[in-house]
Amino acid sequence: MTATFEAKKKKLREQAEARLAQSVSTVENLSLEEIKTLFHDYQVYQIELELQNEELRDTQKQFEIARDRFARLYNDAPVGYLTIDHNGIIAQTNQTFAEMVEKDPYLLCGKALIDFISTLDRSAFLGRFKAFFKNPEGKELSFALSGCHRTVRCVGRIENHRQESENNRRLLLILSDITEQASMEKNLQERERFLTSILETTQDGFWVVDAGGRLTDINDAYCRMTGYTKEELEGGLRIGDLDALEDRVTTETRLARIIENGSELFETKHRRKDGSIFDVEVSASYLDLHGGMLVCFCRDISDRKSAELACRENEMRYRLLSDVTMEGIVIHKKGVIVDLNAALARLLGYEPQEILDKNILDLLVHEQDRDIVRKNIVKEYARPYVVRFVKKNGEVVFVELEARNFEINGEIRRVAAVRDISDRIKSEEEIRRVNAELRNAIAEKDMFFSIIAHDLKSPISGFLSLTKILVEDFEELTVKEVNRSLDALYASSVRIYALLENLLEWARVQQGLLTCSPSRFLLKGVVRASLDFTHSVADQKGVVLRDETPDDLIVCIDPPMIGTVLRNIISNALKFSNRGGQVRITARHDGDMVTVAVQDEGVGMDQHTLSMLFSLDNKITRPGTEGEASTGLGLILCKEFVEKHGGTIWAESSPGQGTTFYFTLPLADNTCKA
């Protein structure tokens with residue numbers, strides 16, 4: 001193309017030079033003004049020429065772009081293009097056709113098209129090619145390509161002028177790949193044969209109804225079902241002649257609904273030729289073909305209806321039995337609940353639909369008992385065992401489960417009976433609690449008698465011995481010996497009185513005769529009263545009592561009870577203190593409680609002794625630093641009284657380092673009466 005353009009440009013220049021040579025005017029004959037004008041025109045022409053050249057270049061570029069675009073469209077077209085002569089020789093082809101025959105495009109030119117056609121289709125192609133080449137308008141050829149299993153359909157048109165001789169004509173063929181279409185047509189034909197065989201062998205009735213409601217096509221199954229012949233059914237019978245349940249208006253309404261929705265599945269009753277009635281299930285679809293038609297399948301469901309009726313009766317009977325029983329019944333499949341009775345729903349506080357399809361372990365069984373259920377759920381039959389269920393409101397109830405497997409429709413399911421035994425469990429727990437209390441009461445009674453027998457025997461024995469001496473040897477005794485005996489008698493009497501007082505207090509607590517009536521009270525007042533009671537003992541032993549409790553600390557207590565606690569603990573501290581020691585009473589505010597501490601500098605005790613301080617079973621009766629006796633019940637009473645106030649009591653000690661007793665009391669608040 002560039003060589004042609006250069007040749008044209010050279011020829012144009014030669015013509016221009018020849019025309020210039022013929023010009024009569026020469027530059028020598030021109031004036032200066034004419035030369036300037038000529039030079040100006042020359043420059044203008046030169047610029048115009050350059051602009052024209054630019055337009056030419058743009059035109060050439062656009063031409064090349066259009067040419068490339070055409071080449072791409074030609075080669076990348078979804079159909080194959082090829083140009084052939086009257087002998088079927090390929091003159092030009094695009095990339096698509098080359099890919100169809102799996103060849104490079106440049107190898108196809110000069111080849112015969114027949115070489116790329118399947119052997120089975122070559123004779124048919126050759127038989128039609130001449131007529132097609134001569135006049136391809138409105139004609140098409142279909143054939144399979146060799147080697148690639150493609151089927152193509154082609155149309156053509158004469159590429160050059162028709163008036164030219166046939167030898168000079170070129171035919172442009174356009175080939176479309178119809179492999180999938182041919183396969184689909186083949187599949188459609190096979191499917192049509194398949195559907196026909198189904199209609200001929202199915203046990204369901206089949207019929208086609210036209211827009212007028214007349215039966216136009218019926219299979220043999222429906223003929224057997226109704227007792228009519230095919231000719232009788234297709235001879236003018238309508239749907240209304242067969243349906244024994246619907247009247248004309250109902251049938252027309254149903255037909256209109258099927259046409260609107262496209263299909264419908266429903267049950268009705270049909271009438272046989274002999275007049276008998278039978279239940280049918282009809283599946284009808286509307287097709288917008290041949291003016292509108294209904295395609296219907298009809299199944300005789302008389303046996304199924306009878307079975308369903310019997311099943312409903314059985315289900316109603318078992319449902320009534322299930323609902324009237326007091327036991328809960330649940331049926332589950334691999335733990336997922338599929339059915340339950342009303343008793344179980346009532347027991348757990350759920351609506352039945354809230355439980356269905358839920359996992360029985362996750363929803364109902366207490367998390368701590370799930371392993372118990374897992375161990376039993378794998379058994380064919382699980383004997384009654386007890387677990388906890390959680391109700392909808394979060395309440396935990398004890399139930400007894402008994403379960404076994406059964407099979408239905410080839411599936412293993414499990415039925416479990418659920419008995420609410422919460423009342424029984426509570427009764428059993430109450431019995432166990434009462435028995436434990438009775439055992440404790442008996443043990444405490446035995447200990448009580450043992451304490452009385454042991455602690456009263458020693459002072460009373462001494463008391464008897466001294467009185468015997470005084471009675472029998474009074475005249476022989478000196479005044480000093482009599483006074484010493486009387487002092488011993490007094491000490492024994494004090495010990496017996498203290499023991500009896502503690503025993504009486506302890507007995508009243510155990511019998512519930514001693515009530516706790518807390519009120520707002522200044523702690524320091526109770527402490528001072530207790531110190532006053534024990535001050536004489538402290539003075540005799542030379543022990544200093546220090547009250548370091550806050551002046552404004554108000555507690556909610558029963559003063560007599562807490563006074564008893566303080567007197568016992570302070571008395572213990574004095575008993576085990578050495579002469580010249582001191583006893584400190586302190587108190588501190590600790591949240592909503594007050595912690596009271598009584599600290600001595602006495603002999604202390606080891607950890608073993610500490611562990612037995614507040615136990616009736618391990619009563620400790622250690623003598624004081626100067627032989628003071630102990631009843632062994634004082635600290636036990638302290639524990640009872642402190643716990644009645646909702647507090648705790650404990651001690652800290654080590655040998656030779658003294659002992660500190662702690663107990664807590666509630667701080668007075670607005671709920672404590674004045």
Side-chain angles (χ1 to χ4, degrees), residues 497-498 501-509 512-541 543-577 581-602 613-614 628 630-631 633-652 658-674:
Y497 179 79
E501 187 178 46
N502 279 341
L503 286 173
L504 180 61
E505 290 285 338
W506 183 82
R508 290 174 66 192
V509 170
L513 300 176
L514 192 63
T515 58
C516 179
S517 302
S519 59
R520 299 169 64 87
F521 210 86
L522 191 65
L523 178 63
K524 200 168 189 69
V526 183
V527 173
R528 284 179 178 174
S530 300
L531 290 176
D532 290 341
F533 185 82
T534 57
H535 211 282
S536 59
V537 178
D539 290 342
Q540 291 175 8
K541 205 167 184 178
V543 176
V544 178
L545 295 175
R546 296 186 181 278
D547 177 14
E548 299 178 3
T549 57
D551 295 335
D552 58 349
L553 201 57
I554 300 176
V555 289
C556 188
I557 59 172
D558 182 292
M561 281 191 177
I562 300 305
T564 301
V565 172
L566 283 168
R567 286 195 301 274
N568 272 281
I569 294 177
I570 294 171
S571 296
N572 268 351
L574 292 172
K575 188 185 302 180
F576 294 103
S577 292
Q582 68 175 359
V583 174
R584 296 172 61 242
I585 299 95
T586 61
R588 69 175 186 274
H589 184 190
D590 192 7
D592 58 352
M593 301 294 284
V594 171
T595 302
V596 181
V598 178
Q599 181 181 11
D600 65 57
E601 298 174 345
L613 284 179
F614 303 102
E628 297 96 329
S630 172
T631 66
L633 287 178
L635 290 179
I636 296 171
L637 276 176
C638 292
K639 182 174 183 295
E640 293 276 359
F641 288 170
V642 169
E643 288 179 350
K644 280 186 176 293
H645 285 77
T648 55
I649 186 170
W650 71 98
E652 295 177 359
T659 302
T660 303
F661 278 87
Y662 298 93
F663 63 94
T664 60
L665 298 172
L667 189 68
D669 56 15
N670 295 331
T671 62
C672 186
K673 65 181 181 179

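Just so it is clear, the values below take in all heavy atoms, side chains as well, and ignore hydrogens, waters and symmetry mates.
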So, taking the atom named [atom1] in [X] and the one named [atom2] in [Y], what distance separates them when rounded to the nearest 0.5 Å?
| X | Y | atom1 | atom2 | answer |
| --- | --- | --- | --- | --- |
| Lys644 | Ile562 | NZ | CD1 | 11.5 Å |
| Asp551 | Lys524 | CG | NZ | 4.5 Å |
| Leu522 | Arg528 | CG | CZ | 8.0 Å |
| Phe661 | Gln599 | CZ | CD | 12.5 Å |
| Ile585 | Arg546 | CD1 | CZ | 10.5 Å |

For residues [X] and [Y], determine if any side-chain heavy atom of one lies less than 4.5 Å from a side-chain heavy atom of the other.
| X | Y | value |
| --- | --- | --- |
| Leu553 | Leu667 | yes |
| Leu545 | Leu574 | yes |
| Cys556 | Arg520 | no |
| Thr664 | Trp650 | yes |
| Ile569 | Phe663 | yes |
| Leu566 | Val526 | yes |
| Val594 | Leu523 | yes |
| Asp558 | His645 | yes |

Compare every heavy atom of [Y] with every heavy atom of [X], then report the nearest pair and how far apart it is.
| X | Y | value |
| --- | --- | --- |
| Thr549 | Asp547 | OG1-OD1, 2.7 Å |
| Met561 | Phe641 | O-CD1, 3.5 Å |
| Thr586 | Glu548 | CG2-OE1, 3.5 Å |
| Ser519 | Cys672 | C-SG, 3.4 Å |
| Ser577 | Glu601 | OG-N, 4.5 Å |
| Ser530 | Gly563 | OG-O, 3.6 Å |

Query raised in the report: Any sub-3.5 Å donor-acceptor pair from Asp600's side-chain atoms to Thr659's backbone N or O?
Result: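 Pair found, side chain donor or acceptor close to backbone of Thr659.
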Query raised in the report: Between Lys639 and Ile649, is there a donor-acceptor pair closer than 3.5 Å when you use the side chain of the first and the backbone of the second?
Result: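 A pair under 3.5 Å: no.
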Requested in this report: Please step through side chain to side chain contact (heavy atoms under 4.5 Å, CB included) for the pair Leu531 and Val527, ending with a clear verdict.
Outcome: CA-CA 6 Å; Leu531 290 176; Val527 173; 4.0 Å; yes
